There are 2 protein chains.
Amino acid sequence: MEKLTERQREALEFVARMIEERGYPPSVRELCEEMGISSTRGALRHLEALERKGYISRASGARALRLEERERYSKAYLPILGEVPAGPLRYVFEEAEEWISVPANWGKEGRFILRVRGDSMIGDHIQEGDLVVVDPQLSGNQGEIVVALVGEEATVKRLYRKGNEAELRASNPAYPPIPLKEGGEEVRLLGRVVALLREKVI
Amino acid sequence: MEKLTERQREALEFVARMIEERGYPPSVRELCEEMGISSTRGALRHLEALERKGYISRASGARALRLEERERYSKAYLPILGEVPAGPLRYVFEEAEEWISVPANWGKEGRFILRVRGDSMIGDHIQEGDLVVVDPQLSGNQGEIVVALVGEEATVKRLYRKGNEAELRASNPAYPPIPLKEGGEEVRLLGRVVALLREKVI
DNA sequence: TTGACAGGTAAACATTTGTTTACTATTATA
DNA sequence: TATAATAGTAAACAAATGTTTACCTGTCAA
């Protein structure tokens with residue numbers, strides 16, 4: 001895809017923002033005002049360039065603009081992480097293969113989704129295959145359901161504290177608690193489970 | 001939500017389709033042509049009605065139409081029914097007060113969402129407050145989790161058949177099975193539970 | 001140095017588009 | 001039956017909008 005100049009990118013972002021937030025595209029004169037251009041000719045040139053380079057398509061008529069590469073990101077989309085995020089959480093999103101739409105108010109900055117493996121949290125009615133929405137947090141409160149990286153594996157557990165000590169407890173008694181910040185394996189808290197999706201109820 | 005007349009619904013569907021497929025809203029005259037109306041006044045009346053009833057919002061300017069939030073991405077929005085649908089399921093949608101976005105592939109025609117009350121399906125890890133997505137069906141297969149109207153109350157249960165007889169079973173042994181099509185209360189099948197949302201994991 | 005290109009100003013123009021006025025017919029409803 | 005709401009026709013009008021012409025200013029690579 002042919003590269004855009006800085007001004008052209010500004011124009012594209014404005015068009016995309018208006019469609020996303022307002023629901024319909026801007027007029028040429030609205031684009032003028034946004035970009036501080038006094039003549040419609042200047043703004044029209046940007047639209048022509050965007051069309052020529054394949055970023056938008058235009059038809060005759062008012063506001064007849066359409067984004068070609070539909071990058072209308074919705075805040076209600078979250079990534080499903082196939083691999084457990086090993087590096088900094090910042091790069092999680094670029095590696096995500098699958099995205100899923102969720103109720104709009106679930107979609108906060110930085111959140112992601114993990115698929116639950118195993119039945120260690122069956123006591124809290126979180127079963128194998130469920131998708132849990134994770135809100136990234138470096139620490140957790142007493143009793144919260146969290147996602148932690150134990151060794152190289154992500155696991156969903158409840159967090160319990162006792163003085164300076166803390167541990168992760170399954171709600172299935174078949175699994176032993178995992179001590180936090182103790183001599184054992186390295187444990188890193190990824191975040192808190194805030195919601196859940198079950199794709200197939202059988 | 002106030003009901004639409006048939007013509008108003010036609011108009012709304014055209015507006016939504018143009019935004020969805022073409023990327024920007026239709027002009028009044030395009031709406032005229034679509035609906036076979038010779039005067040712009042006639043089409044404008046429909047838009048005014050849609051705005052008054054809260055289905056769209058309008059601003060000054062060409063094609064300045066926007067679908068209200070619940071109408072956007074219509075395929076991925078489902079209504080949460082506060083009251084149990086007593087009448088024909090067809091009218092369920094116009095009475096719904098609350099709508100929620102769901103993963104796009106969950107949003108099939110006619111589906112709706114019910115909030116689970118009680119713990120009768122706790123054995124299947126469906127707990128109080130969970131939102132179940134219901135696919136309307138008049139009959140169900142052996143062992144499926146269904147929603148049925150027992151008397152005036154909607155209930156989530158598993159459907160079991162034995163020859164000509166059938167019954168609804170809770171997965172919590174504390175609840176007795178409910179016979180279907182027997183001398184007891186009238187039971188009507190609303191549909192099958194296909195997915196689940198848990199808004200708050202505590 | 002020159003030419004291509006992005007970016008811009010200014011003004012006029014053509015068209016689309018929304019809005020309004022006035023009047024008629026149909027349908028649902030109290 | 002009376003009344004309101006809905007639906008429509010026709011025509012004119014005002015505003016918004018896209019398009020075009022003509023000319024200017026930089027930047028950058030051949």
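Letters A, B, ... are given to chains in the order of the sequence lines, protein chains preceding strands, and every chain is numbered from 1. Everything quoted here is computed from the prediction, not taken from an experiment.
Exactly one residue among D130(A), L131(A), I113(A) makes a side chain to side chain contact (heavy atoms under 4.5 Å, CB included) with L196(A). That residue is D130(A).
Place R7(B) and A62(B) on DNA chain D by their nearest nucleotides, and R7(B) ends up nearer the 5' end. Each of T5(B) and S27(A) was matched to the nucleotide of DNA chain D holding its nearest heavy atom; the match closer to the 5' end belongs to T5(B).
If you take CG of L47(B) and C1' of dT20(C), they are 15 Å apart, rounded to a whole angstrom. Atoms CE (M35(A)) and P (dG7(C)) sit 8 Å apart, rounded to a whole Å. Taking atom CG of L12(A) as the reference point, atom P of dA6(C) lies 16 Å away to the nearest angstrom. The CD-C1' distance, from E48(A) to dT20(D), rounds to 10 Å in whole Å. Residue Q8(B) contributes atom CD, which lies 13 Å from atom C1' of dA28(C) at whole-angstrom precision. Between the CZ atom of R58(A) and the C1' atom of dG18(D) there is a distance of 8 Å, given to the nearest Å. Between K53(A) atom NZ and dG7(C) atom C1' the separation is 12 Å, expressed in whole Å. The interatomic distance linking L31(B) (CG) with dT16(C) (P) rounds to 18 Å, in whole Å.
Here G42(A) lies in heavy-atom contact (under 4.0 Å) with a base. Within 4.0 Å (heavy atoms only), R29(B) reaches at least one base atom of the nucleic acid.
Between the side chain of T40(B) and the base of dT19(C), at least one donor-acceptor pair of N or O atoms lies under 3.5 Å. Remark: the R63(B) side chain and the dG18(C) base include no donor-acceptor N/O pair separated by less than 3.5 Å.
E51(B) and K53(B) are not joined by a salt bridge, as no carboxylate oxygen comes within less than 4.0 angstrom of a charged side-chain nitrogen.
In the model, N172(B) has no side-chain atom that pairs as donor or acceptor with a side-chain atom of S120(B) under 3.5 Å.
For residues 27-46 of chain B, the pairs satisfying side chain to side chain donor-acceptor pair (under 3.5 Å) are R22(B)-E30(B), E30(B)-R63(B), with sequence neighbours left out.
A sub-4.0 Å separation between OP1 or OP2 of dG8(C) and a side-chain N or O of S39(A) is absent. Phosphate proximity of dA7(D) to H46(B): present, with a side-chain N or O under 4.0 Å from OP1 or OP2. At the phosphate of dT6(D), neither OP1 nor OP2 sits under 4.0 Å from any side-chain N or O atom of R9(B).
Nearest nucleotide to the V28(A) side chain, out of dG18(D), dG8(D), dG8(C): dG18(D). In the set dG7(C), dG8(D), dT9(D), dT9(D) carries the atom at the smallest distance from any side-chain atom of S38(B). Between dA6(C), dT21(D), dG8(C), one nucleotide has an atom nearer to the side chain of R41(A) than all others, and that is dT21(D).
Of all heavy-atom pairs between A148(A) and L168(A), the closest is CB-CD1, 3.6 Å.
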